[in-house]
Amino acid sequence: MLAKKAVGFTPALADSRWVKGLLIATALAFLLLFLVLPLVSVFVEALRRGTDAYWAALVEPDAVAAIKLTLIVAAIAVPMNLLFGVAASWCIAKFDFRGKDVLITLIDLPFSVSPVISGLIYVLLFGLHGLMGPFLKSQGIQIIFAVPGLVLATVFVTFPFVARELIPLMQEQGNEEEEAALVLGASGWQTFWRVTLPNIKWGLLYGVLLCNARAMGEFGAVSVVSGHIRGETNTMPLHVEILYNEYNLVAAFAVASVLAMLALVTLVVKTVLEWRFGAELAATRH
Amino acid sequence: MVAATTSDAVLPNTGGTVLSVLRKPSVLPGFGLTLGFTLTYLSLIVLLPLAALALKAAGLGWSGFWDAVLTPRVLAAFKVSFGLSLAAAAVNAVFGFIVAWVLVRYRFPGDRIVDALVDLPFALPTAVAGIALSALYAPNGWIGSLLMEWFGLRVAFTPLGIAIALTFIGLPFVVRTVQPILQDLPPEEEEAAAALGATRWQSFRRVVFPALLPALLTGFALAFARGVGEYGSVIFIAGNIPGLSEIIPLLIVIKLEQYDYAGAAAVGVLMLMASFMLLLALNLLQAWMRSRHAR
């Protein structure tokens, strides 16, 4: 986001040293209070009883099960949305058709839906008292309070991430390179693998990174569909909640610290991608 | 997307005949496949489940819907969620603007780290933020104990705690919408203002601020919309007292746990309608922004 070097300021744009100092101090104090302190407190609370208690909380069977489940859910949900994101951005960015704006709006829809509602809709559809509940029960299929429900809720909340990164990127790049490849005799798949994919690889990685961070950290949506069965349907964020509500603070913060580290790694990789490949990522983003 | 059509005149349309009605011709393959997949996936994951929500709420009937929604507890939750999200978004509008200004206009040691850190609320799982904030602001926490001692102020487990959590969660929105616009602001306008004798404050108020206002309002609206739906970071610090510090998403969860599916759906639909109104207002705002930007 930040420009690589300071803009060459003319005197007209320079604020007095006093104003500058005050504004920087205000900004840093605000960020310290709202960002740095909460982050630091996670690690301090996690290590309050020393490293032994910390490790014990992480290798305990329920914690291991939660970590495994989180990885499984992300390993299913992220590739699904990756495939969707590539397909959606191909048809939206490479072709002109009627209703395109509506389609883009619909793809963005999950971002404006509360996480709780993202879980609620699947309970209404697949829950025991839901629309398809009796049918699923007669077939012996369980979706809600089981892994499929967790995957569905996670897919919903991370739905737009890859598509929203790739659409503006591919629109910016245009169709000329693909058209050249096709004219020279390449097949559609060859064109995609040899021409399009190399052009969008960093944008794709960026989208997948954000998608994965959200998939592993999602709380509200999975909390509604999980049923909170220890060792079975508890992902890491849900495990944190249970431990916290049992006043097992050290263990809660220990598991939370692993998620916080995931967030930090995500931020670092994201920042490196922005610095190194800023030009190859989509320009429009917030 | 105008550039794509130049070669179409010479090359035959290779797409299917049905789909060619829908779109302009192109030599690239895969339109039918990708659009088909996109629409199927979108319908199965997003549209059908959302339709189930509307269907369930509609099952209550018109009067049943309003009976389920117009209860003191639900109305109080709406007041808490919307009121506190508004307050948090206002705090973020002020401080987010200052952060964006500082990051764009000044250079200081560690500025790039600070810039990267602004996205922390996007990356940190909400439950982690929730327990961290509630530990910090609890009466025996680092900040909570100081506020208690100095001002006798309780933050955790009160509405004020909710506002703190919503401020955390909405922080990046204002910064990330104002920052690029401020970055692209041509320095000539401010230079002209200065050359014509305006003071620094005057040129900020009359030249810079009006140019940034649409972005600031967009960031404000995004933070507000996010706050209304937020769940994970709030419930730990809120205290969750019905009528006082109970947010709408929590109320939906409680209704679900009581197997009041229709009631949960009704509250959910009302909340979605409110969010979509916000989204619509946001789109109008962005259209206004583009028209101002294009000039």
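Chain letters run A, B, ... following the sequence lines, proteins first, then strands; residues in each count from 1.
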With the side chain counted from C-beta on, respond yes when B/Leu35 and A/Leu103 share a heavy-atom pair under 4.5 Å apart, and no when they do not.
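The answer is yes; the side chains approach within 4.5 Å.
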Contact between B/Phe37 and A/Val86 at the side-chain level, heavy atoms closer than 4.5 Å - yes or no?
no
Where does B/Tyr261 contact chain A at under 4.5 Å (heavy atoms): side chain, backbone, both or neither?
both
Please classify the contact of B/Ile113 with chain A as side chain, backbone, both or neither, using a heavy-atom distance under 4.5 Å.
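Neither part.
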side-chain contact (heavy atoms from CB on, under 4.5 Å) for A/Leu210 and B/Phe122? Distances and angles first, verdict last.
CA-CA 9 Å; A/Leu210 298 186; B/Phe122 285 159; over 6 Å; no
Return the orientation label for the [X] and [Y] ring planes: parallel under 30°, perpendicular over 60°, tilted otherwise.
| X | Y | value |
| --- | --- | --- |
| A/Phe84 | B/Tyr41 | parallel |
| B/Phe95 | A/Phe30 | parallel |
| A/Phe219 | B/Tyr231 | parallel |

In terms of heavy-atom proximity below 4.5 Å to chain B, should A/Leu249 be classed as side chain, backbone, both, or neither?
neither
Counting heavy-atom pairs under 4.5 Å with chain B, the top scorer among A/Val240, A/Thr266, A/Ile121 is A/Ile121
If you count heavy-atom pairs under 4.5 Å with chain B, which of A/Ser89, A/Pro237, A/Ala213, A/Ser112 comes out on top?
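Answer, by heavy-atom pair count under 4.5 Å with chain B: A/Ser112.
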Centroid separation under 6.0 Å, is that true for the rings of B/Phe168 and A/Phe34?
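Centroid separation for A/Phe34 and B/Phe168: 6.0 Å or greater.
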